[in-house]
Amino acid sequence: MTAAAPATITVRVLLFASYADLTGRDEVTATLPGSARVTDLLAWVRAVLPEGGKLPDRPLVALNRTHVRLDAVLADGDEVALLPPMAGG
Amino acid sequence: MTAAAPATITVRVLLFASYADLTGRDEVTATLPGSARVTDLLAWVRAVLPEGGKLPDRPLVALNRTHVRLDAVLADGDEVALLPPMAGG
Amino acid sequence: MTYLTGDPISADQLVSQVSGPSRGGIATFVGLVRDHQDGRGVIRLEYHAYPAMAELECGAVVAEVVSRWPVSIALMHRTGSLSVGDVAIAVAAAGDHRAECFDACRWVVEQVKHRIPIWKKEFYADGSVAWVDPTQLATPLAPDPLGSVHRG
Amino acid sequence: MTYLTGDPISADQLVSQVSGPSRGGIATFVGLVRDHQDGRGVIRLEYHAYPAMAELECGAVVAEVVSRWPVSIALMHRTGSLSVGDVAIAVAAAGDHRAECFDACRWVVEQVKHRIPIWKKEFYADGSVAWVDPTQLATPLAPDPLGSVHRG
């Protein structure tokens, strides 16, 4: 089922609530190596975004609207959301 | 605090729901010996009211709107209610 | 305070009674007349009460619940003849936190079921009638032997 | 099904969604904006959401609750700016028996608090602002540093 990974992938990164306030961004596009995982994306976010280094080391992450572990592999066109601790209700 | 019991007392007896249907009465006045207890009243009810003998041996009883044990002593003018199993709500 | 009513009960009205700017939550329970009971079709109900004592006992339940939980409580119970879908009982509990709202609301409902002198007569689709006795299975009577009597 | 709304929530409307002649009871919970939190005055709130995922997760919660209890469920969560007294969340659970109504309603409220990607920003009487973090004490920020931004 798996073809060879492309050289690079582009993912859409969503930041919410305190993470959006912290970085001043609620959405950013990241270009990463083809075999990148969520952890690679987090390293990119921490390095590139203003105050990104203040994000937690291991935030909650949703990949295409589903909770995932941080070792999940990304694909071109993915939507990755960084979720602060939830506080509904 | 207690004066000598009068020769007789009159109490108002209330019957509800299935007990009222059974006896065909929802209220009756009983004249009893001055030192009568709830048990004496129950014996009177069972003997005097139509189908009274089909009432339970030990129904729930309220004396002046408060639950009492069956050995509670009655006084003239008391209101005694025979309460079928409750079914509110 | 009056806890019994012969008129339709509005759950909204109870909610508004317990609302306030310091309240973080309101748990509500509404008991409705169902169209069935133990597999039999139900057409309507009658709730009969010992009103004077029922009011006292409802007041005692409310006094006890507010001593056990930091909540405001509203409680109403219907009497008389009810149709399917009518509200028989409504309880609203407002508090700071949801746990105490739920616990207090539920406790009041349980207390009312077992402690308030109210009785329920069910009128079935097959024409029979029975007083509900929670201590045993419902005892069917002959078809409506006393008509639609209202007592107490 | 839509579970998030930017408009005021009517608990009545949720109740009517789950009502029916076979239902014996409806338990409801309404979460309100309080005028205080941890001893501080609260003026208003903002609820921000990840709408697409929040809708999916609400749907998953409802699917799970009706698989666990024999109930009908209605659920709405408000987003945007709310004032004190506004309804933030409303859940209604209708069933045959009160126990399942209460249990199901409470379970949904708990799930929503911990599982749905919604965040709450509190605006305090002293001019400060904080995102509510249930995993720790609320972290006060400088007075409204970003103004009244609405994202997501």
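Both backbone and side-chain heavy atoms feed into the values below; hydrogens, waters and symmetry mates do not. Note on naming: letters A, B, ... go to the chains in the order of the sequence lines (proteins, then strands), and numbering restarts at 1 for each one.
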| field | Residue pair D/S22 / C/D35: nearest heavy atoms and the distance that separates them | value | CA-OD1, 3.5 Å
| task | Select one option (side chain, backbone, both, neither) describing which atoms of D/A99 are under 4.5 Å from chain C's heavy atoms. | result | both
| Hey, does D/L32 have a side-chain heavy atom less than 4.5 Å from the side chain of C/I26? | yes
| message | Measuring from atom CZ of D/R98 to atom SG of C/C105, what distance do you get when rounded to the nearest 0.5 angstrom? | response | 11.0 Å
| field | Residue part contacting chain C, namely of D/V84, when any heavy atom lies under 4.5 Å | value | side chain
| query | Quick one: what part of D/D103 sits under 4.5 Å from any heavy atom of chain C, side chain, backbone, both or neither? | reply | both
| remark: Among C/V42, C/V109, C/D96, C/V91, the residue with the most heavy-atom pairs under 4.5 Å to chain D is C/D96
| request: With a 4.5 angstrom heavy-atom cut-off, could you sort out which part of D/V87 is near chain C: side chain, backbone, both or neither? | output: neither
| For D/C101 and C/F29, which heavy atoms make the closest approach, and how far apart are they? | CB-CE1, 4.4 Å
| task | Could you have a look at D/G25, D/G24, D/G20 and say which one has the most heavy-atom pairs with chain C under 4.5 angstrom? | result | D/G24
